[in-house]
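Everything below concerns the one structure shown next.
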Number of protein chains: 2
Amino acid sequence: MKTHTESEENYIKALYHLGSDNPVSNGDLAQRIGAKGSSVTQAVKRLSQKNLVTVVPYKGVQLTKEGILLAKSILRKHRLWETFLVDTLGFGWDQVHPLAEQLEHVQSEELVERLSDFLGTPKHDPHGDPIPERNGQMPPVLGEPLGAFAKGHTIKVVRVEDAGSEFFDQLDAMNINLGNTYDVEAISSFDASVQLKSPSGHTIWLSKSMSANIYAVHA
Amino acid sequence: MKTHTESEENYIKALYHLGSDNPVSNGDLAQRIGAKGSSVTQAVKRLSQKNLVTVVPYKGVQLTKEGILLAKSILRKHRLWETFLVDTLGFGWDQVHPLAEQLEHVQSEELVERLSDFLGTPKHDPHGDPIPERNGQMPPVLGEPLGAFAKGHTIKVVRVEDAGSEFFDQLDAMNINLGNTYDVEAISSFDASVQLKSPSGHTIWLSKSMSANIYAVHA
DNA sequence: CTTTTAGTTTAGGCAAAACTAAAAATTATT
DNA sequence: AATAATTTTTAGTTTTGCCTAAACTAAAAG
């Protein structure tokens, strides 16, 4: 696999995130990257010359098969590094994203594989997101949003969506972590807020915007 | 501490390596960096605008106090990552340099300090080179070249100079590692080659060019 | 004391990657 | 359908960092 610039890799990542099936608009991509539309036009031109994307002017950009594979390999690195930072170095799960963004650009197949081995070939990162495998296969995306469960069920938190540091602060304040189990006490039909009871007996109220970013399975 | 480009950091590193006390010539720096002299002239101009070096045209470049501190912080990262790669991920000591060159550019004070803690705040890297401390203090440079010891003494290998992959291959072939002890059986006054006996009774002959890159202390 | 040589700097280009401003194409609205 | 609003592209700049070629400096050789 050839080597790519960080900028290229960032565009590939962004495209993958915005959907690897449907074409992505210049504007959406610009917003996600944090650049102006004109810069994006130039960038995707460069990417298409490397066969990482196909561009239809005025219509949109789409990753090629090669581009998708590259995206997954970057995501693999990103999520393995996040796992390392949390599990091995003791960072908080709200701190690791910007660091992983730097580490994911380090080029070395062997490093990635050794890291994966060292971590025990994890299938999911500290946020519960699936870590792509060497071959590009994706482990399952875990859980459903809390709102999908019915009153009376016991659930286990398995994933949280990265919704900014305030979200994580809130989770920490409520002592909510992956693996925690709760009884669903109520789900408001009015504002979709959720009421949980922890095994220690504490009751937790979650707003809709909180609960929508928390995913769980039946315990 | 401000943030610097990788190119800048590479120049700072090179300058430090070529000697932080005496001024360095454009040519030496160019060779070390792997760029042309003209590129170096421009680069050091940029660096001097950031107060990282002082330049006297046609005479030479020298790191400022600020530059030396930056150099040490990069070296600290480099050597901590090398330690991690060897001790934690099981890389060979001959493999880690290019990887550490990438990892050393990751910007995060906290990451460095957590890494150091995780590794047990090592003072020397897998080659026996001193790891600068947070404050810039340098642990001792270990050992003397094998040729400095006299016949009959028992010595312990504590450091090897990075002299390319063939050198490391040779060390591996001879099973020479940091911490190994040997008896000095002979030092040739003719070609400065060295003859060692390992505890297991094997005798090893080292050419001058080999022994000059191997450092030891009295065991 | 001039000339040659080695080393350094300037000058001018090129590529990547960003920007602004203006033109063109698309989509939405009367 | 015609016009307005939005989006995208083009065109021209900027910065970083490299290059080659030409000019310059300093030191060594004649």
Side-chain angles (χ1 to χ4, degrees), chain A residues 1-16 18-19 22-63 67 70-71 74 101-102 104-107, chain B residues 1-16 18-19 22-63 67 70-71 74 101-102 104-107:
Chain A
M1 194 179 291
K2 286 145 257 155
T3 132
H4 312 90
T5 67
E6 289 199 13
S7 172
E8 276 173 359
E9 294 195 348
N10 286 336
Y11 275 94
I12 295 296
K13 247 199 329 172
L15 280 167
Y16 184 81
L18 292 172
N22 51 315
V24 170
S25 80
N26 188 310
D28 288 355
L29 189 46
Q31 183 165 26
R32 179 108 178 113
I33 290 281
K36 294 301 160 68
S38 56
S39 308
V40 170
T41 304
Q42 302 297 117
V44 297
K45 207 173 285 176
R46 288 192 297 269
L47 290 174
S48 78
Q49 281 175 334
K50 298 196 177 186
N51 285 313
L52 294 171
V53 302
T54 53
V55 187
V56 181
Y58 292 101
K59 290 301 171 187
V61 202
Q62 197 163 4
L63 287 171
L70 175 55
I74 299 167
E101 294 240 294
Q102 297 185 65
E104 76 194 358
H105 297 298
V106 173
Q107 313 257 220
Chain B
M1 196 179 286
K2 286 142 256 158
T3 131
H4 312 91
T5 68
E6 287 201 18
S7 173
E8 276 172 1
E9 294 196 349
N10 286 334
Y11 275 94
I12 295 297
K13 246 198 329 173
L15 280 166
Y16 184 81
L18 292 171
N22 51 314
V24 170
S25 81
N26 187 311
D28 288 355
L29 190 47
Q31 182 164 28
R32 179 109 180 120
I33 290 282
K36 294 303 160 69
S38 57
S39 307
V40 170
T41 304
Q42 290 173 248
V44 297
K45 206 174 284 177
R46 288 193 295 267
L47 291 174
S48 76
Q49 282 174 334
K50 298 195 178 187
N51 286 312
L52 295 170
V53 303
T54 52
V55 188
V56 181
Y58 292 101
K59 290 301 172 186
V61 201
Q62 196 163 3
L63 287 171
L70 176 55
I74 298 167
E101 294 240 293
Q102 296 185 65
E104 75 194 1
H105 298 297
V106 173
Q107 313 255 222

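Computed from a predicted structure; not experimentally measured. Lettering of chains follows the sequences in order, A, B, ..., and the numbering in each one begins at 1.
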(message) Tell me which residues in residues 54-63 of chain A lie within less than 4.0 Å of DNA chain C, going by non-hydrogen atoms.
(response) Y58(A), K59(A)
(message) Rounded to whole Å, how long is the line connecting atom CG of N26(B) with atom P of dC18(D)?
(response) 13 Å
(message) Quick check for you: to the nearest 0.5 Å, what is the distance between H105(A) atom NE2 and H105(B) atom NE2?
(response) 14.0 Å
(message) If you take any heavy atom closer than 4.0 Å to DNA chain C, which residues from residues 36-48 of chain A end up in contact?
(response) K36(A), S38(A), S39(A), R46(A)
Throw together a table of side-chain donor-acceptor distances under 3.5 angstrom for residues 45-60 of chain A, partners on residues two or more places apart or in other chains.
{"residue": "S48(A)", "atom": "OG", "partner": "K45(A)", "partner atom": "O", "Å": "3.0"}
{"residue": "K50(A)", "atom": "NZ", "partner": "E8(A)", "partner atom": "OE1", "Å": "3.4"}
{"residue": "K50(A)", "atom": "NZ", "partner": "E8(A)", "partner atom": "OE2", "Å": "2.7"}
{"residue": "T54(A)", "atom": "OG1", "partner": "Q62(A)", "partner atom": "O", "Å": "3.4"}

(request) Drop me the distance from E9(B)'s CD to H4(B)'s NE2, to the nearest 0.5 angstrom. (result) 7.0 Å
(request) State, with a plain yes or no, whether a side-chain heavy atom of V40(B) is found less than 4.5 Å away from one of Y11(B). (result) yes
(message) If I take atom CD1 from residue I12(B) and atom CG from residue L70(B), how far apart are they, to the nearest 0.5 angstrom?
(response) 5.5 Å
(message) Checking E101(A) now: which residues fulfil salt bridge (charged side-chain N to carboxylate O under 4.0 Å, His left out) with it, not counting sequence neighbours?
(response) K13(A)
Side-chain donor/acceptor pairs under 3.5 Å, residues 22-39 of chain B, sequence neighbours excluded:
{"residue": "S25(B)", "atom": "OG", "partner": "D28(B)", "partner atom": "N", "Å": "3.1"}
{"residue": "N26(B)", "atom": "ND2", "partner": "T41(B)", "partner atom": "OG1", "Å": "3.0"}
{"residue": "R32(B)", "atom": "NH2", "partner": "H17(B)", "partner atom": "ND1", "Å": "3.4"}

(request) At the 4.0 Å heavy-atom cut-off to chain A, mark where contacts on DNA chain C begin and end, going 5' to 3'. (result) dA17(C) to dT27(C)
(request) Step by step, work out the side-chain contact (heavy atoms from CB on, under 4.5 Å) result for E6(A) and E104(A). (result) CA-CA 9 Å; E6(A) 289 199 13; E104(A) 76 194 358; over 6 Å; no
(message) Rounding to an integer number of Å, can you tell me how far D28(A) CG sits from dT6(D) P?
(response) 16 Å
